[in-house]
Amino acid sequence: MTSQPPAHSTAYPAIPSALHRLPDVAKNLWWSWTPLARELFEQLDPTLWRLTHHNPVRELQMIDPERLVALSRDAVFLRLYTVTVRAFDQYMAARDHWFGRTYPALRTHRIAYFSAEFGLHSSLPLYSGGLGILAGDHLKEASDLGVPMVGLGFMYSQAYFRQVVNAEGWQIAVYDPFDREASPIEPALTSSGAQVTVSVRIADRLVTCKVWRVAVGRVMLYLLDSDTPENEPADRELSARLYGGDLHTRLCQEILLGIGGVRALRAMGVSPVVWHANEGHPAFLTLERIREGVIQGLSPAQAIDLVRNTTVFTSHTPVPAGHDIFPAGMIREYLQGYWDELQMSFEEFLALGRHPGYSADHFHMTALGINLAVFVNGVSHVHGNVTRSMFRSLWPGRTEDEIPIHVVTNGIHVPTWIAPEMHRLYSKYLGPNWIAHCDDQARWQRVLDIPDAELWETRQFLKRKLLNFIRRRIGLGWMHGDLSAEQVIAQGALLRSYPLTIGFARRFATYKRATLLFTDLERLRRLLLDPWKPVQIVFAGKAHPADEHGRALIHEVYRFAKDRGFGGHIAFVEDYDMHLAKFLVQGVDLWLNNPRAPLEASGTSGQKASLNGVPNVSVVDGWWAEGYDGTNGWAITSSPNQEPEQQDRHDAEALYGLLEQEIIPLYYERTHDGVPHGWVRIIKNAIRTIAPTFSARRMLKDYVTKAYAPIMSRRSTSAKRQSIGQVTG
Ligand SMILES: *Cc1c(COP(=O)(O)O)cnc(C)c1O
């Protein structure tokens, strides 16, 4: 018990010495995926815990000092505290993790993982959606497996927006300033204790970034922040918003992330062996590393070789318009002179980001990533194929199956997404340490041992929990006078626990076809309002503020949610974020995903649902093309090579057919005990076949064995050869 009081303990009330480690646990996101630690912070003050939306840093700042004193004398609480602190210390100090056991020779190597967004917890709004949550899950799993990783991203002072939907059904984007003081974010310091800053030349000026850090278990995530007094006002805003500005802002952000990110790691003495760019946004990191090589005396060609042999690039976007492509003129303006430092002409420099499918005066960030990486991957098998065909022109003369783009299918961090109630159930039937084996398919077969009634009871409980959550939100909105009666209905006040409840929550992008179910309104109405076998649908999701089509789709769904004719069986719940996502994927009966194939790169929300015993009905696209096995949910078989309208009609027909003929009848087929045994069989199959395979643990192990470890091993042998050379030479 020698640990120092935290540096900024002044922000907290005096913490009794018997509880002095509380801030340490609160400041490491380890708590967010550890039931014991969540229990600790809930017990600390259940009301504050709820009021702060599960933010232990804020909770500690707000807690009544007298309550802390009382708890420091409460034997039951002290026991929980002691056990949690011990578990935390053991986790942080553990040496016997998977990576260390599997690759003892590589444990001192580092992997840097760069991403424009990280979704770690709803109290840290540094993400907009799937890409960020995937990055957050990646870091958490790296921590759990002992993979020696650091993360690099942005400190967004306003983050992504909070969604409000007005009475007319229009999305309003509200930007709240982010209260960093009430978060686990702290200044990154050099070994001598100075605040780390880095500078990057953008156009004719120098932009300085402060560096912050967040502890994600054993992994440190560093965040760049351009809001420093040295910068001009416009530059101070650069890191304010995620995907906020125009193409110019985007380019400046990407210069900071890629180039500034490498400099930040150097300033802190971090020397990664592997550099992983998550999507094209951070791909400039490759250029900065070429520059470093040239400064150290390599020729540009040698430096490119070195960078290429140590870079991993993951693409997530199957739509050409989703990739960042900058006009050459903008590159010339913002990166002026940078190519000189790489000892290249502007044309040679531009060629690094050339995609032959575009005119020569463009710079394509994904092409840059692909050109300069030794391991390139898509995020599902379908997406791997799409990516190979989108970028085949980068390998002239090769056939599509000769194109070296690999696949690592996305997965979810199981401890983050499991409902506490399901966790307890799995602990009972899969074994108390099932989480440690969460990618072991054999272990998951034990799901078949769970009594149907017990599993069904738990599912029903989670559904009531979701409905209570929705009602409490509505109640607060109503009380504060923000909601009209119509909005109260539209947001789900009339939802009941009896009907089959379908969840549809995701970004409102056109290709995700949120309104597909509304293709035939009469048919839908008959389904929803059936007196014996009713159905209700809960929608949630944000549209990018600049996406008129996406906003129009929300408006349309909201109109149906308000429509008396649907009797309150359709709801649109505002402000989809990780907090709401947990309630939805854990609480509904059925998860619906009906994108226009093949435009879904992977999707992960359906994986979260199945982990919790919620089967999918989904278009065969993204992860579902490999997840669906005929027994674990339902597949909408799309026929992609049609006109969009035809495809939509075809898929809607297939979806109605499945609901009418298979899904609804099975859900309501009850025996005398009230349990739908046929439905529970689907639930069990969904859990046991999907949970292990689509876990972040399987995903991380794939990245390590296919990409990280081979790069590290090559580096180890070449370093050894070099040092032998020095000795003998
Ligand atoms: C999981 C998740 C996503 C991504 O899910 P998709 O299936 O890719 O749509 C997006 N937003 C939130 C809040 C999530 O939790």
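Indexing begins at 1, ligand by ligand and atom by atom, following the structure's order. Note that the coordinates shown come from a computational prediction; the quantities given were computed from them, not determined experimentally.
Aromatic pair Phe508/His555: centroids not less than 6.0 angstrom apart.
Checked against side chain to side chain contact (heavy atoms under 4.5 Å, CB included), Leu580 has the following partners two or more places apart in sequence or in another chain: Phe469, Arg473, Ala540, Val573, Tyr576, Asp577, Leu584. With sequence neighbours left out, Arg250 forms a side-chain hydrogen bond (donor to acceptor under 3.5 Å, both in side chains) with Asp324. Not counting sequence neighbours, the partners of Trp623 by the ring-ring contact (aromatic ring centres under 6.0 Å, His included) test are Phe694.
Without hydrogens or angle criteria, Asn55 side chain to Ala182 main chain gives a donor-acceptor distance under 3.5 Å.
Aromatic ring orientation, Tyr113 versus His138: parallel (interplanar angle below 30°, classes split at 30° and 60°).
Listed by chain and number, residues touching ligand 1 at under 4.0 Å (heavy atoms only) are Gly129, Gly130, Ile133, Trp417, Arg506, Lys512, Tyr576, Asp577, Met578, Ala581, Gly603, Thr604, Ser605, Lys608.
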